[in-house]
Amino acid sequence: MIMIKAEHIYKKFGTLEVLQDVSLEVHKGEVISVIGPSGSGKSTLLRCLNHLEKINKGSIQIEGSYIAGEDAHGKKLSIIKKELSITEKEIRLTCKKIGMVFQNFHLFPHKTVLQNIIEAPMTVNKMSKAEAIKEAELLLQKVGLLDKRDVYPSQISGGQKQRVAIARALAMNPDIMLFDEPTSALDPELVGEVLTVIKELAKDHMTMVVVTHEMAFAREVSDRVVFMDQGQIIEDASPQKLFTDPDHPRIKTFLEKMI
Amino acid sequence: MDYIINITTAILKGSVNTLQLYFVVVLFSVPLGAAIALGKLSKSKWIQRAVGIYTWVFRGTPLLLQLFFVYYGVPILLRNIGAATGMPLSVSIKPFAAAVITFSINYAAYMAEIFRAGIESIDKGQYEAAKVLGMNYWQTMTRIIIPQTIRRVLPPTCNEAITLVKDTALVAAIAMPDLLRAAKEAVTRDFTITPFIIAAAVYLVFTSVVVVVFGKLEKKYSIYE
Ligand SMILES: Nc1ncnc2c1ncn2[C@@H]1O[C@H](COP(=O)(O)OP(=O)(O)OP(=O)(O)O)[C@@H](O)[C@H]1O
Ligand SMILES: [Mg+2]
């Protein structure tokens, strides 16, 4: 089953071409790592996939539903400056299948760890509080933070914050998880605990797209690694191939610098 | 001693009007200010422009002028309209009502600016986090953004709350009996400044209570920091 299908997408910020003819297909249970130099458009690609950014051209389908682009009848959907024939509400419904974890966590500071996790299940999915708490506690156990249940985000470490953010996203039962450099804001000694949680998800066959600078991690968990440069995917290959024998010389130079 | 007690009683009686005005204005101006703040942040250019003119006018002209306009001006305006259209429009507005309307509209303009700045100070990441969790605009505002804004708007709101205590004295200009007027009447009648000193003390008590209440609120809303 194809979970994400992005076809020939283009994205401009003003006159800056940030994505140029990017296509990506992600199948159920696949883990895709996205690597590449700073400014190459990795975050932007991820943000287009869950409609945090609107694309200028191309199309994106999530589990077969369009969130951007032209549908089978040539109708324009949610492309900047084009007529919307798909409502924000429909897009939001489709995007509910996608969870996202940010580099800077973006936890809700005025809510405790538990409240952060039960917020969306209760307000969006109208789940009862008791049930939401039950599920949240299971998730907290999974990320190893049940003892931090009632503290505020300001009182825990970065690594713990990111694990809460992952639990918060998982509480909505997403089919797909997007990670944008989930460990880049962390002190080196805290990176491992977050990567461990993501590896656990990979073992459970969660479909994931992970933008990362952790090459060892990308190599270990990914089914495919995507290399981006200047707004384009210049190689999309298995980790073995991409890390040992990439087609593109620029990838070799990049990897040498990283290791 | 008896004199002081008598005067104080009279001044406190006047204070009841002041307090009523104060709380009714708070009750109206805070929600109105919040609504206008959301209007300022609206995507619609028309709404933005309309509320922009509103705050421009009410923050840019004297409160006393606005008070005169509502109390003296509006009845004249209505009478003229009535004369022009042949409808018998004659209204007289009570000083208390005029004061409530004017102060509420005026303070809402200031509160709107404070709320807008507060809402805009919240990190964009909070909106995105709410959005990727499937929350809509209303849920995001009421559950995520506004609760965080409260803590940040408390200090400037406290300033407004103190200013409002003192601004209520302007109602003397439309002959509404209040704290200050009770004191002034006693002064002109008895040729003594004691009533002014008592009035000052009562105002100080009011403003001090406001400061204490806001201090408590700030503490309550900073537990998560
Ligand atoms: N909201 C925006 N407005 C204008 N330009 C933007 C915006 N977001 C990103 N850009 C630009 O788009 C380009 C790609 O940015 P993007 O964040 O996608 O890169 P990245 O590959 O994620 O880089 P990094 O590794 O530094 O996170 C950059 O040149 C960036 O400055
Ligand atoms: Mg990035």
Side-chain angles (χ1 to χ4, degrees), chain A residues 43 46-47 49-53 87-89 91-113 115-126 150-156 161 164-165 167-174 176-180 185, chain B residues 30 34 37-39 41-48 114-158 214-225:
Chain A
S43 299
L46 219 54
R47 293 165 58 79
L49 294 182
N50 69 351
H51 205 66
L52 282 178
E53 303 285 355
T87 64
E88 279 291 325
K89 207 172 160 189
I91 293 173
R92 205 163 52 228
L93 219 58
T94 306
C95 287
K96 254 174 70 179
K97 297 173 182 141
I98 311 173
M100 183 158 187
V101 172
F102 301 91
Q103 181 173 346
N104 294 314
F105 333 122
H106 299 327
L107 291 180
F108 305 132
H110 61 302
K111 293 184 179 292
T112 64
V113 164
Q115 288 167 346
N116 262 276
I117 300 174
I118 64 174
E119 177 60 37
M122 282 173 60
T123 50
V124 179
N125 289 349
K126 310 292 179 217
D150 295 316
V151 304
Y152 286 94
S154 61
Q155 296 162 292
I156 55 179
K161 279 182 198 160
V164 173
R168 179 176 71 175
L170 291 174
M172 290 300 279
N173 268 318
I176 303 163
M177 286 283 283
L178 306 178
F179 293 84
D180 190 3
Chain B
V30 170
L38 291 183
L41 299 166
S42 147
K43 284 199 187 96
S44 153
K45 282 271 172 299
W46 286 107
I47 297 178
Q48 272 183 32
I114 291 173
F115 291 156
R116 182 197 55 78
I119 290 171
E120 281 187 337
S121 76
I122 305 293
D123 179 34
K124 205 171 114 263
Q126 293 290 309
Y127 291 90
E128 293 191 344
K131 188 171 178 197
V132 300
L133 287 168
M135 298 171 80
N136 62 29
Y137 174 77
W138 184 247
Q139 292 164 339
T140 305
M141 293 313 284
T142 55
R143 307 281 313 165
I144 307 302
I145 306 301
I146 291 170
Q148 291 182 60
T149 307
I150 291 175
R151 164 72 185 81
R152 299 189 189 187
V153 301
L154 279 174
T157 304
C158 180
F214 271 89
K216 287 238 158 70
L217 283 175
E218 268 182 53
K219 212 164 181 182
K220 184 179 160 215
Y221 281 100
S222 10
I223 44 162
Y224 59 79
E225 278 175 354

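Order of the sequence lines sets the chain letters (A, B, ...), proteins ahead of strands, with each chain counted from 1. Both backbone and side-chain heavy atoms feed into the values below; hydrogens, waters and symmetry mates do not.
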ask   = Is there a side chain to side chain contact (heavy atoms under 4.5 Å, CB included) between B/E128 and A/M100 once you walk through the steps?
value = CA-CA 10 Å; B/E128 293 191 344; A/M100 183 158 187; over 6 Å; no
query = What do you reckon, is NZ of B/K43 surrounded by more than 12 foreign heavy atoms closer than 6.0 Å?
reply = no
task = Could you tell me which portion of A/R47 (side chain, backbone, both or neither) has an atom closer than 4.5 angstrom to a non-hydrogen atom of chain B?
result = side chain
query = Do any of residues 132-141 of chain B have a heavy atom less than 4.5 Å from a heavy atom of chain A, and if so, which, in residue order?
reply = B/V132, B/L133, B/G134, B/M135, B/N136, B/Q139
ask   = With a 4.5 Å heavy-atom cut-off, do B/Q126 and A/P109 have their side chains touching?
value = yes
ask   = Just how far is it from atom CZ of B/R143 to atom NZ of A/K111, taken to the nearest 0.5 Å?
value = 4.5 Å
ask   = So which part of A/F102 gets closer than 4.5 Å to some heavy atom of chain B, the side chain, the backbone, both or neither?
value = side chain
task = Give me the ring orientation class for B/Y224 and A/Y152: parallel if the planes are under 30° apart, tilted from 30 to 60°, perpendicular past 60°.
result = tilted
key: Sorted by number, residues from residues 215-223 of chain B in contact with chain A (heavy atoms, under 4.5 Å)   = B/I223
note = To the nearest 0.5 Å, atom NE2 of A/H110 lies from atom CD1 of B/I150 at 9.0 Å
message = What part of A/L107 gets within 4.5 angstrom of chain B, counting heavy atoms only: side chain, backbone, both, or neither?
response = backbone
request  = Between chain B and each of A/Q155, A/K96, A/R92, count heavy-atom pairs under 4.5 Å; write down the option with the most.
outcome  = A/R92
